[in-house]
2 protein chains.
Amino acid sequence: MARNCRFAVAVHITAVLALHRDTPATSDWIAGSVNTNPVVVRRILSALAKAGLVTSQRGIAGGSFLARDPEDISLLDLYRAVDEQEAQALHHQPPNPKCPVGAHIVPVLVDILTKAETAKEKELGRISIGDVAAAVKARAAA
Amino acid sequence: MARNCRFAVAVHITAVLALHRDTPATSDWIAGSVNTNPVVVRRILSALAKAGLVTSQRGIAGGSFLARDPEDISLLDLYRAVDEQEAQALHHQPPNPKCPVGAHIVPVLVDILTKAETAKEKELGRISIGDVAAAVKARAAA
DNA sequence: CTAATTGTAATTATACTAGTTACAAATATT
DNA sequence: AATATTTGTAACTAGTATAATTACAATTAG
């Protein structure tokens, strides 16, 4: 249990919200679809709320809504809200500065990893929750 | 200590090998540059050898070499050799098939993650170990 | 007032990681 | 042939991130 699946769950949650825009969805109900504990859902909803992507309401008729139209929420928004910094890791210990390679490899690596991460994020930015909801709907109809 | 830095170390190791093509580099020597334990280096060298990127020789004059020209080894080669499948994780437990979203979200997610991962890998494929070695050299000279 | 719901802290079990020790297998040098 | 050095791996350890779970205060509709 060491692999981060928060992004996948965030996409799932927001897809549910996109398909139920009229009534608030409770964390318990969403958890039933995701097949996990409601607290796990609330934690991710909390991160999404901090990013302004969803709103939640306490109380007996409470639950969560998308804060914007599904077409105006990209997967990159979710990714950033939830994964904080998924960037590939650098050295655990700083390399040896007395070796020419050790002394200069880190900024070179940072440059490489930034390029790779940027390409990935660009793809995620092209897809909206609306697209995801439509894809789910299309598969359900088929 | 849960973040994977094998790719970063693999780039470091192969950069060292690219700048010392004439003599074999021992895992002990490389470990001194990376600032880690020689066994960690040997483990990564072993993965690279399985992918045909380096060759190693045992014995008193042993050590490792690049198996190809640095320009012919891409960072994608290293990434694949070392990270096996770094792809972003899906749900921990399979979602609820009785919910329309739960029943159809997984293939949609796979499609999304594949696109994102492919974009990242395309970037890594554009960069060679030769490029990395040149960048390190340039910084060392500056 | 009551019941239902969110928000969050605390705890737990699991798994992955790098680091480390240990040692057999291989090999160049003498 | 003997020796010293190096790789290749297995086994183990400590540290840490993760999801799941329990618990409970705060909020709110009816």
Side-chain angles (χ1 to χ4, degrees), chain A residues 1-10 12-13 17 20 23-32 34-51 54-65 67 82-96, chain B residues 1-10 12-13 17 20 23-32 34-51 54-65 67 82-96:
Chain A
M1 191 181 304
R3 204 150 200 96
N4 183 333
C5 59
R6 288 194 293 266
F7 175 70
V9 174
H12 189 147
I13 291 173
L17 295 181
H20 292 267
T23 55
T26 68
S27 64
D28 204 67
W29 195 84
I30 300 173
V34 176
N35 190 21
T36 185
N37 192 290
V39 174
V40 172
V41 172
R42 292 207 285 268
R43 271 201 287 251
I44 292 180
L45 281 169
S46 172
L48 299 181
K50 270 171 196 152
V54 305
T55 58
S56 299
Q57 203 164 23
R58 295 179 167 191
I60 197 168
S64 299
F65 290 98
V82 143
D83 264 318
E84 300 150 38
Q85 66 111 339
E86 156 71 13
Q88 196 117 33
L90 291 176
H91 296 62
H92 204 223
Q93 298 293 118
N96 182 355
Chain B
M1 191 183 305
R3 203 149 201 96
N4 182 334
C5 61
R6 287 194 292 265
F7 175 69
V9 174
H12 189 146
I13 291 173
L17 295 182
H20 292 268
T23 56
T26 68
S27 63
D28 203 67
W29 194 83
I30 300 173
V34 176
N35 189 21
T36 185
N37 191 290
V39 174
V40 172
V41 172
R42 291 207 287 267
R43 270 202 287 250
I44 292 180
L45 280 170
S46 172
L48 299 181
K50 270 171 196 151
V54 304
T55 58
S56 299
Q57 202 163 24
R58 295 178 167 190
I60 198 167
S64 299
F65 290 97
V82 143
D83 266 318
E84 298 150 39
Q85 67 110 336
E86 157 71 14
Q88 197 118 31
L90 292 177
H91 296 62
H92 204 224
Q93 298 292 117
N96 183 354

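Order of the sequence lines sets the chain letters (A, B, ...), proteins ahead of strands, with each chain counted from 1.
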Show me, pair by pair, the donor-acceptor contacts under 3.5 angstrom made by side chains of residues 35-42 of chain B, not counting sequence neighbours?
| from | atom 1 | to | atom 2 | distance (Å) |
| --- | --- | --- | --- | --- |
| B:N35 | ND2 | A:P94 | O | 2.8 |
| B:N37 | OD1 | B:V39 | N | 2.9 |
| B:R42 | NH1 | B:S27 | OG | 3.0 |

Would you please confirm or rule out a distance under 4.0 Å between OP1 or OP2 of [N] and any side-chain N or O of [X]?
{"X": "A:R42", "N": "C:dT8", "answer": "no"}
{"X": "A:Q57", "N": "C:dA4", "answer": "no"}
{"X": "B:S56", "N": "D:dT7", "answer": "no"}
{"X": "A:T36", "N": "D:dA20", "answer": "yes"}

Whole-Å distance between [N] [atom2] and [X] [atom1]?
{"X": "A:I44", "N": "D:dA17", "atom1": "CD1", "atom2": "C1'", "result": "14 Å"}
{"X": "A:D28", "N": "C:dA3", "atom1": "CG", "atom2": "C1'", "result": "14 Å"}
{"X": "A:I30", "N": "C:dT5", "atom1": "CD1", "atom2": "P", "result": "12 Å"}
{"X": "A:F7", "N": "D:dT18", "atom1": "CZ", "atom2": "C1'", "result": "18 Å"}
{"X": "B:L45", "N": "D:dG8", "atom1": "CG", "atom2": "P", "result": "7 Å"}
{"X": "B:L17", "N": "D:dT7", "atom1": "CG", "atom2": "P", "result": "11 Å"}
{"X": "B:L48", "N": "D:dG8", "atom1": "CG", "atom2": "P", "result": "11 Å"}
{"X": "A:L90", "N": "C:dT17", "atom1": "CG", "atom2": "P", "result": "16 Å"}

The side chain of [X] lies closest to which of these nucleotides: [options]?
{"X": "B:R58", "options": "D:dA29, C:dA26, D:dA26", "value": "C:dA26"}
{"X": "B:V39", "options": "C:dA22, D:dT7, D:dA20", "value": "C:dA22"}
{"X": "B:N4", "options": "C:dA18, C:dT6, D:dA20", "value": "C:dA18"}

Checklist entry - Does A:R43 get its side chain close enough to the base of D:dT21, under 3.5 Å, for a donor-acceptor pair? => result yes

Specify the closest pair of heavy atoms between [X] and [Y], including all atoms of both residues, with the distance to one decimal.
{"X": "A:H12", "Y": "B:P95", "answer": "CE1-CB, 3.6 Å"}
{"X": "B:L17", "Y": "B:F65", "answer": "CD1-C, 4.1 Å"}
{"X": "A:L45", "Y": "A:V54", "answer": "O-CG2, 3.6 Å"}

Checklist entry - Taking the nucleotide of DNA chain D with the closest heavy atom to each, which residue, A:G59 or A:N37, is nearer the 5' end? => result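 Checking each residue's closest nucleotide, the 5'-ward one belongs to A:N37.
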
Item to check | side chain to side chain contact (heavy atoms under 4.5 Å, CB included) assessment of B:V82 paired with B:V9 | outcome: CA-CA 10 Å; B:V82 143; B:V9 174; over 6 Å; no

Checklist entry - Quick one: on DNA chain C, does A:S46 or A:I60 contact a more 5' nucleotide (nearest heavy atom)? => result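 Taking each residue's closest nucleotide, the earlier one in sequence belongs to A:I60.
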
Checklist entry - When all nucleic acid strands are considered with a 4.0 Å heavy-atom cut-off, which category describes A:S64: base, sugar-phosphate, or nothing? => result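 Contact class for A:S64: none.
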
